[in-house]
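What you are looking at is a predicted structure, and each value in this text was computed from that prediction instead of being measured. Remember, it's 1-based here, ligands and their atoms both numbered in the order they're listed. We use all heavy atoms of the structure for the numbers below, so side chains are in, but hydrogens, waters and symmetry mates are not.
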Amino acid sequence: MSDLAQIGVSGLAVMGRNLARNLARNGFSVALHNRTSAKTKSLVAEHGDEGTFVPTETLEEFVAALERPRRVVIMVKAGAPTDAVIDELVPLLDEGDIVIDCGNAHYADTRRREADLRERGLHFVGAGVSGGEEGALLGPSIMPGGSKESYATLGPMFEKIAAQVDGTPCCVHVGPDGAGHFVKMVHNGIEYADMQLIAEAYDLLRDGLGATPAELAEIFAEWNSGDLSSFLIEITAEVLGHTDAATGSPFVDVVVDEAEQKGTGRWTVQTALDLGVPVTGIAEATFARALSAHPDQRAAARAALPGPSEAAQKVPAEERDAFVDDVRKALYASKVVAYAQGYDQMAAASTEYGWDIDLGAMATIWRGGCIIRARFLDRIKDAYATERPASLLVAPYFRDAVADGQQAWRRVVAHAARAGIPTPGFSSALAYYDALRADRLPAALIQGLRDYFGAHTYRRTDRDGSFHTLWATPDRSEVEA
Ligand code: 6PG
């Protein structure tokens with residue numbers, strides 16, 4: 001075997017470090033590079049026995065330590081730091097080498113970088129990596145974009161270090177240029193929606209039942225053995241069951257209730273707006289975080305705005321079990337909507353950019369390793385196995401599951417409105433469901449209004465063409481536009 005390393009990792013903060021260790025543990029020799037060499041040294045000192053590491057100090061040394069075609073993973077902060085590393089790296093590389101960005105880059109940046117490097121005879125792979133620190137080490141879900149050619153040499157390595165479910169790796173070539181990072185972005189958007197829905201379920205139960213976080217932890221743990229079984233439900237039980245050592249209070253009660261974000265949820269919504277895809281679940285989740293992060297405005301509103309009476313908020317003792325079950329069903333149905341919308345967004349981008357994304361395969365690689373891993377994804381994989389449904393909501397399994405929970409969903413949203421509990425995720429998901437299945441939408445009236453004030457024209461139900469009503473004329477006659 002050559003002394004040259006099979007792959008290199010530059011950027012050894014925790015994700016890069018764990019990815020490098022994962023590669024080494026799987027038998028690949030890994031060249032290491034970091035801007036400051038302390039991280040490189042500590043990795044080798046602490047984990048050098050896990051496999052073959054080739055520590056290097058400079059980028060030149062790093063590049064020289066790699067077999068060709070070189071596979072160079074960069075794991076640095078998204079944005080300018082990524083461009084800075086690429087700019088330094090590229091002059092040192094040779095035709096056919098592959099640069100792989102495993103950070104949470106914006107897919108448009110990835111498209112730009114891919115085009116740029118392609119022109120210089122290099123491959124650029126934007127790879128989404130999900131699973132946090134632990135996933136990077138033990139098996140993440142990996143979503144690589146870039147050329148087919150680069151996947152031929154990179155794929156087998158990534159498939160080996162990825163999580164495995166039923167013997168299938170949670171890694172597949174998503175599509176050209178920015179497809180991998182796009183899919184990772186939507187994954188994160190769905191992650192936002194999923195967490196928002198879980199948080200609303202918690203809020204409804206805590207308020208309605210007057211239950212303690214520890215009691216709620218048990219409910220979530222139980223839910224985790226059913227259809228809702230997922231990593232996020234599992235860790236919800238863990239977080240709710242945790243007691244703060246300093247105060248003895250439930251941990252969730254000592255955490256400031258202002259949710260932060262690094263931006264992938266926001267990108268998902270911005271992109272969805274451009275593509276014209278209603279990702280209301282992700283949008284509500286992103287806006288709910290934004291609302292939470294305005295403490296002054298919240299304090300002013302708390303002091304000024306009345307809510308319902310306290311009696312409206314409590315669930316009568318004899319209805320408690322039924323309420324818990326209703327919330328579970330509402331959570332499930334809302335979650336189906338969030339996924340359906342995310343899948344629509346991936347489908348729209350795939351068409352827009354000619355990516356030809358296999359949507360069923362995305363469910364397959366999200367079954368393990370990633371943050372949104374869930375039992376549910378097997379069902380999504382099945383839903384896309386034969387033909388692409390018009391919406392995940394109409395795929396037979398989900399259609400039946402949501403139909404089964406529909407009345408419960410309505411009761412929960414009605415309860416939330418009466419009790420004054422904010423449930424933007426549950427409520428907007430139900431509104432989406434009802435809008436999608438409506439015979440007629442009031443969009444017709446909107447078209448009429450647009451035509452009235454701006455002569456924007458409308459189409460008719462009974463014949464082709466565009467029309468305008470001469471609203472200012474006494475007889476309001478209609479003309480073909
Ligand atoms: C993952 C996560 C990971 C991270 C995101 C979301 O798939 O491993 O999605 O990428 O948690 O950065 O973070 P924010 O909530 O801070 O936006």
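- Between Tyr339 and Tyr343, the ring planes lie parallel to each other; the angle is under 30°, not in the 30° to 60° tilted range.
- In summary, Asp116 and Arg120 engage in a salt bridge, as defined by a charged side-chain N under 4.0 Å from a carboxylate O.
- Salt bridge annotation for Asp257-Arg298: present, with a cationic side-chain nitrogen under 4.0 angstrom from a carboxylate oxygen.
- The residues lining ligand 1, counting any heavy atom closer than 4.0 Å, are Asn104, Ser130, Gly131, Gly132, Lys184, His187, Asn188, Glu191, Tyr192, Gln261, Lys262, Gly263, Arg289, Ile371.
- Here Arg25 pairs with Arg21, Glu50, Leu137, Leu138 under the side chain to side chain contact (heavy atoms under 4.5 Å, CB included) rule; sequence neighbours left out.
- In this structure, the ring of Tyr151 has its center no less than 6.0 angstrom from the ring center of Phe158.
- Note: Trp355 and Phe182 meet the aromatic proximity criterion, with ring centroids under 6.0 Å apart.
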